[in-house]
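Ligands are counted one by one from 1 in listed order, and the atoms in each one are counted from 1 as well.
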Amino acid sequence: MSLSAALFLFICFVGRRHMHELPIEVIEQHVVKQSGGAYRIPKGALPSVNLVVAATSNEDYSWAKKDLKVPGMVVIPYIADNTSAPYHPQMNKGHEAMMYHQYFYDFYDKLPDISILVHSQSHSWHVDQLLDQSMIFSLNHLDLREVQQRQFLNLRVTWGFGCMAGAINTTRANEESGVLPEQKEMQEAFRANFNLYDIPEILATPCCSQIAVTKERILSVPKEQYKHHIDWLLHTPLEDSISGRTWEHMWQYLFLQKAIDCPLEHKAYCRLYHICFGGREQYDEYIELQQGAQKLDQELLRIKQLEGNWEAHRKEKEEAAKKNGEKDDEIKGTIEVEQKANNKMKLRLQEELDSIREAIRVRKEIAVVRGAVEVNRIAEGEDLYGDDWEPSADKAFLKEEDKTKVVTSTSTVR
Ligand SMILES: *[C@@H]1O[C@H](CO)[C@@H](O)[C@H](O)[C@H]1NC(C)=O
Ligand SMILES: *[C@@H]1O[C@H](CO)[C@@H](O)[C@H](O)[C@H]1NC(C)=O
């Protein structure tokens with residue numbers, strides 16, 4: 001405890017010292033503070049923001065109006081299955097992709113500076129664990145200036161679905177692919193949507209289609225093209241869930257013309273949500289702690305389940321022992337010993353889990369304090385897509401032969 005308190009003070013002190021060395025306009029960029037999050041605004045006028053919520057009529061999105069602290073944010077609900085709703089797609093088809101395209105089309109001539117497009121759930125696994133799987137936490141901590149800088153970004157940061165595992169290989173068009181049912185359809189979907197024959201081999205971006213994009217980027221695509229995407233979703237013979245999912249892998253291409261868009265996780269957390277662990281190593285340590293906690297949790301659950309079924313377990317043991325000809329009090333003795341050992345194990349695991357959870361909590365708190373200081377964010381967030389020390393996702397996907405090609409071609413130039 002005292003160690004973390006000391007660290008906290010150290011960071012505040014170092015942070016403050018650096019703050020004074022920063023030009024005043026940089027400090028002034030970050031004046032708005034609210035209880036629900038450390039909300040930051042760029043210098044100058046507030047960017048106008050639309051929050052587009054893709055919902056069905058029975059989904060509750062009232063959190064978007066109640067719990068968000070982003071000043072001036074306007075909520076635009078698109079209702080999939082109600083053509084009397086003020087905003088709705090032509091048809092309930094293609095999931096959120098249809099509604100996002102309909103929004104780009106409908107609002108093309110009256111866009112705000114930033115449009116954020118999300119699902120109707122306030123909490124879901126679609127949002128990263130570090131962000132409490134909460135869209136409310138995410139948006140209340142979102143740095144709009146970062147959105148303005150990057151122009152388009154995925155609100156999800158981790159690579160687990162969509163960037164490494166779950167990236168699409170478009171050449172696998174004839175293979176069954178249970179985990180990624182949309183993979184074998186991607187080649188056709190990409191061709192049909194972008195009228196391209198030569199399509200990228202790998203499409204990679206964090207999963208789940210919750211994105212933020214600037215007015216400039218939306219306008220960089222002709223209005224008629226959104227209509228084209230809507231028509232594709234309307235007429236494709238693909239199942240609804242599949243056609244919607246193909247778009248998870250295409251937004252980065254639509255807005256950035258990039259097939260692979262996977263910023264490094266710790267840098268992205270730091271720049272976008274102001275949660276800064278201090279570097280790759282510290283971030284990896286945090287992830288390891290989290291994985292450790294998950295393992296302990298499972299182990300503990302197993303023991304608790306055994307405890308819940310103890311009577312049945314005891315009877316089973318007794319009968320087996322009797323068959324082996326053991327004496328009654330001997331049997332009782334062994335079972336008692338087992339129960340005691342289990343109990344001890346449970347207490348030990350619980351203690352260990354509590355202390356890991358505390359370590360996780362403290363580390364995250366310190367990361368939030370570190371992230372509140374601009375210089376810390378600048379230091380950690382530089383080279384968002386990687387450098388010599390931390391390779392980018394693009395490099396990871398380059399095949400051996402391509403790497404040699406790259407080397408050869410640069411050496412020829414020299
Ligand atoms: C459809 O939208 C209209 C207009 O907002 C509303 O009055 C109506 O109750 C909605 N219908 C359903 C089934 O939610
Ligand atoms: C994509 O899939 C093809 C066919 O399975 C394979 O040969 C190729 O190496 C894959 N590409 C990458 C970059 O993994």
Could you list each N/O atom of ligand 1 together with any protein N/O atom closer than 3.5 Å, one pair per line with the distance?
unit_1   : atom_1 : unit_2 : atom_2 : d
ligand 1 : 2 (O)  : N82    : ND2    : 2.4
ligand 1 : 11 (N) : N82    : ND2    : 2.8

message = Applying side chain to side chain contact (heavy atoms under 4.5 Å, CB included), can you list everything that pairs with E216, at least two apart in sequence or on another chain?
response = Q151, T214

request  = Not counting sequence neighbours, list each pair that qualifies as a disulfide (SG to SG under 2.5 Å) and has a residue in residues 270-313.
outcome  = C270-C276

key: Set of salt bridge (charged side-chain N to carboxylate O under 4.0 Å, His left out) partners for R280, sequence neighbours left out   = D284, E390

ask   = Could R370 and F277 be counted as a cation-pi pair, given that NZ or CZ must be under 6.0 Å from the ring centre and within 45° of the axis?
value = no

query = Once the angle between the rings of Y78 and Y103 is folded into 0 to 90°, is it parallel (under 30°), tilted (30 to 60°) or perpendicular (over 60°)?
reply = perpendicular

remark   = Taking only non-hydrogen atoms of E201 and a 4.0 Å limit, the atoms of ligand 2 in range are 1 (C), 8 (C), 10 (C), 11 (N), 12 (C), 13 (C)

request  = Find all atoms of ligand 2 within a distance of less than 4.0 Å from any non-hydrogen atom belonging to T171, and give their numbers and elements.
outcome  = 1 (C), 2 (O), 3 (C), 4 (C)

inquiry  = ring-ring contact (aromatic ring centres under 6.0 Å, His included), that's the test. Do H229 and F194 meet it? Break it down for me.
reply    = CA-CA 9 Å; H229 300 315; F194 293 103; 5.6 Å; yes

message = Just to verify, which of E146, E374, E382 counts as forming a salt bridge (Lys or Arg N to Asp or Glu O under 4.0 Å) with R271?
response = E146

